[in-house]
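Below is one structure, written out as structure tokens; comments come after it.
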Amino acid sequence: MPELPEVEVLVRHLQPLIRNKTIRSVRVLRAKVLGNTSPAELKRTLLGARFVGLTRRGKYLCFKLHARRRAGPVILVGHLGMTGRMYLSRRRDALPKHAAVVLELGRENFVFEDTRYFGRLTLDGRAITRLGPEPLADGFSVGYLSTALARSTQAIKVRLLDQTLVAGIGNIYASEALFRAGISPRLPARGLNTKQLRRLRRAIREVLREAIRFGSTVPLHHGHAADGDGLFYFGRAAGAPDYYEERLRVYDREGQPCARCGGAIRRIVQAARSTFYCPRCQEQTEKRQTR
DNA sequence: CACCATGTTCCTTG
DNA sequence: CCAAGGAACATGGT
């Protein structure tokens, strides 16, 4: 479930666990996730290096390390793709089926596993330089949004997924933010008026902040579950409700009643991806706007 | 077998 | 050059 909030929760979780730990060995099981970095270069760079910091930028994790015989720090860039997970596990535990990279840190392993291998763990930081502003920072202002969307005829939902517009929003929170803002996902981006832009900015920030706060209160567990599911966040005790699903208002709720008006949630496809919204709570804006 | 899935990048078309 | 749309990537769930 990796959009900005999930990555933020993961970063906060991992930070104290890896700080000051030294990489004793580097195992690359799927070179694809290294991108342009070769396994040899990764090993050469990381072997003997020590984790000194972990931050997030959009959906990316930025590991900062001090390597031996190097003037400046090394930045290792991670991305979870759709199904990636990063966690520590005991070294004696078996590796998951889709382990992509394993860093040995003394008694524990730092494991990057990814079923579909869409994720990344690389020394190539170029992707980060192309990202738009952080939605929770001051740079993400109504003025910025207004300028950035002024000439776009693309549907607002599709624009929100563009990481160069704003970094970190994915398919789930794009739908959730538009529902909260009462704006139709189909509205052309340049058609939003100032009032709508203000509501959208606020809704984006609220939805992301709440998800972070919520994720942070759920007990984290990782690694070696008995059934081997290896949950590392948004874990839940057996039989407990799945809070992650329950707190979403429209995503994956086609046909279910809208929490606000009771009407049926609708699913449409935009840019080859599902969008969920409430026609009654979000459509009027569209009609009013297109008149 | 069909369709769907939290993401990004590359290629084509206009 | 840019905007927009779609396929590809790889695996698993229903």
Side-chain angles (χ1 to χ4, degrees), chain A residues 1-11 29-36 56-61 77-86 96-101 112-122 124-132 135 148-178 185-191 204 207-208 211-212 214-215 227-235 242-255 267-276:
Chain A
M1 307 107 180
E3 293 186 31
L4 184 152
E6 293 76 31
V7 177
E8 177 66 25
V9 170
L10 175 62
V11 162
L29 295 101
R30 275 279 184 150
K32 188 202 179 226
V33 305
L34 303 188
N36 290 328
R56 177 193 59 73
R57 178 77 173 90
K59 302 172 195 172
Y60 290 84
L61 299 99
V77 174
H79 193 291
L80 299 173
M82 301 257 268
T83 54
R85 294 169 165 184
M86 294 182 186
K97 181 177 180 185
H98 297 293
V101 178
F112 172 35
E113 70 161 302
D114 186 354
T115 307
R116 292 167 74 179
Y117 303 109
F118 287 176
R120 289 290 180 268
L121 193 61
T122 178
D124 180 1
R126 284 175 303 177
I128 292 194
T129 66
R130 294 191 279 262
L131 295 175
L149 299 177
R151 271 173 226 81
S152 179
T153 58
Q154 224 174 14
I156 184 61
K157 153 63 160 50
V158 178
R159 293 299 294 126
L160 291 181
L161 297 180
D162 181 348
Q163 304 297 298
T164 69
L165 174 74
V166 55
I169 299 174
N171 208 37
I172 293 176
Y173 295 110
S175 283
E176 294 297 317
L178 287 166
R186 309 198 291 190
L187 192 62
R190 69 179 178 189
I204 288 170
V207 162
L208 297 177
I212 292 170
F214 193 94
D227 57 353
D229 70 4
L231 278 179
F232 66 101
Y233 59 15
F234 295 112
D242 188 338
Y243 299 107
Y244 179 71
E245 299 301 329
E246 281 187 0
R247 71 193 164 76
L248 300 177
R249 297 269 194 262
V250 289
Y251 184 81
D252 206 18
R253 287 184 179 277
E254 182 180 20
R267 170 185 180 268
I268 59 174
V269 173
Q270 298 180 290
R273 313 205 54 195
S274 291
T275 298
F276 298 88

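Computed from a predicted structure; not experimentally measured. These values consider heavy atoms only, across backbone and side chains, with no hydrogens, waters or symmetry-generated copies. Lettering follows sequence order; numbering is per chain, from 1.
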(message) Given 3.5 Å as the limit, does a donor-acceptor pair link the side chain of A/D124 with the main chain of A/N36, or not?
(response)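 Flag not set: sc A/D124 to bb A/N36 has no pair under 3.5 Å.
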(request) Taking A/E3 for its side chain and A/I172 for its backbone only, find out whether a donor-acceptor pair lies under 3.5 Å. (result)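 Looks like yes, one N/O pair under 3.5 Å.
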(request) Quick one: label A/R151 by what it contacts on the DNA or RNA (base, sugar-phosphate, nothing), any heavy atom closer than 4.0 Å. (result)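 No contact at all - A/R151 keeps every heavy atom at 4.0 Å or more from the nucleic acid.
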Rounded to the nearest Å, what distance is computed from the [atom1] atom of residue [X] to the [atom2] atom of nucleotide [N]?
{"X": "A/R253", "N": "B/dC4", "atom1": "CZ", "atom2": "P", "result": "20 Å"}
{"X": "A/L131", "N": "B/dT8", "atom1": "CG", "atom2": "C1'", "result": "11 Å"}
{"X": "A/R273", "N": "B/dA5", "atom1": "CZ", "atom2": "P", "result": "8 Å"}
{"X": "A/R57", "N": "B/dT8", "atom1": "CZ", "atom2": "P", "result": "12 Å"}
{"X": "A/L61", "N": "B/dT8", "atom1": "CG", "atom2": "P", "result": "12 Å"}
{"X": "A/K59", "N": "B/dT8", "atom1": "NZ", "atom2": "P", "result": "4 Å"}
{"X": "A/I169", "N": "B/dG7", "atom1": "CD1", "atom2": "P", "result": "11 Å"}
{"X": "A/I172", "N": "B/dA5", "atom1": "CD1", "atom2": "P", "result": "11 Å"}

Please list, chain by chain and in numerical order, all residues satisfying side chain to side chain contact (heavy atoms under 4.5 Å, CB included) with [X], sequence neighbours excluded.
{"X": "A/K59", "result": "A/V7, A/H79, A/Q163"}
{"X": "A/R151", "result": "none"}
{"X": "A/A99", "result": "A/L29, A/L95, A/P96, A/V102"}
{"X": "A/V166", "result": "A/P135, A/F140, A/I169"}

(message) Work out how far the P atom of C/dA10 is from that of B/dC11, and round it to whole angstrom.
(response)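 The same atom, P, in both gives a distance of 15 Å.
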(request) Considering only atom P, compute the distance from B/dA2 to C/dA7 and round it to an integer number of Å. (result)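 Approximately 16 Å lies between the P atom of B/dA2 and that of C/dA7.
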Output yes when at least one side-chain N/O atom of [X] is less than 4.0 Å from OP1 or OP2 of [N], else no.
{"X": "A/S274", "N": "B/dA5", "answer": "yes"}
{"X": "A/S152", "N": "C/dA4", "answer": "yes"}
{"X": "A/Q154", "N": "C/dA3", "answer": "no"}

(request) Using a 4.0 Å cut-off on protein heavy atoms (strictly under), produce a 5'-to-3' string for nucleotides 8-14 of chain C with B for base contact, S for backbone-only sugar-phosphate contact, and - for none. (result) -BBBS--
(request) Go along nucleotides 9-14 of chain B 5' to 3' and tag each nucleotide: B for a protein heavy atom under 4.0 Å from its base, S when only backbone or sugar atoms are that close, - otherwise. (result) S-----
(message) I'd like to check A/V77 versus A/R120 (side-chain heavy atoms, cut-off strictly below 4.5 Å). Are they in contact?
(response)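 No, every pair of side-chain atoms sits at 4.5 Å or beyond.
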(message) Could you work out, with salt bridge (charged side-chain N to carboxylate O under 4.0 Å, His left out) as the rule, every residue matching A/R56, not counting sequence neighbours?
(response)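 Applying salt bridge (charged side-chain N to carboxylate O under 4.0 Å, His left out) to A/R56 gives A/E8, A/E134.
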(message) Suppose we screen for ring pair (Phe, Tyr, Trp, His ring centres under 6.0 Å). Which residues come up paired with A/F112, at least two apart in sequence or across chains?
(response)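 With neighbours one apart ignored, the set is empty.
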Just to verify, what does [X] make a side-chain hydrogen bond (donor to acceptor under 3.5 Å, both in side chains) with, not counting sequence neighbours?
{"X": "A/S274", "answer": "A/R267"}
{"X": "A/R116", "answer": "none"}
{"X": "A/Y117", "answer": "A/H98"}

(message) What does the 5'-to-3' dot-bracket notation of DNA chain C look like when only Watson-Crick and G-U wobble pairs under 3.5 Å count, and pairs to other strands show as |?
(response) .||||||||.||||
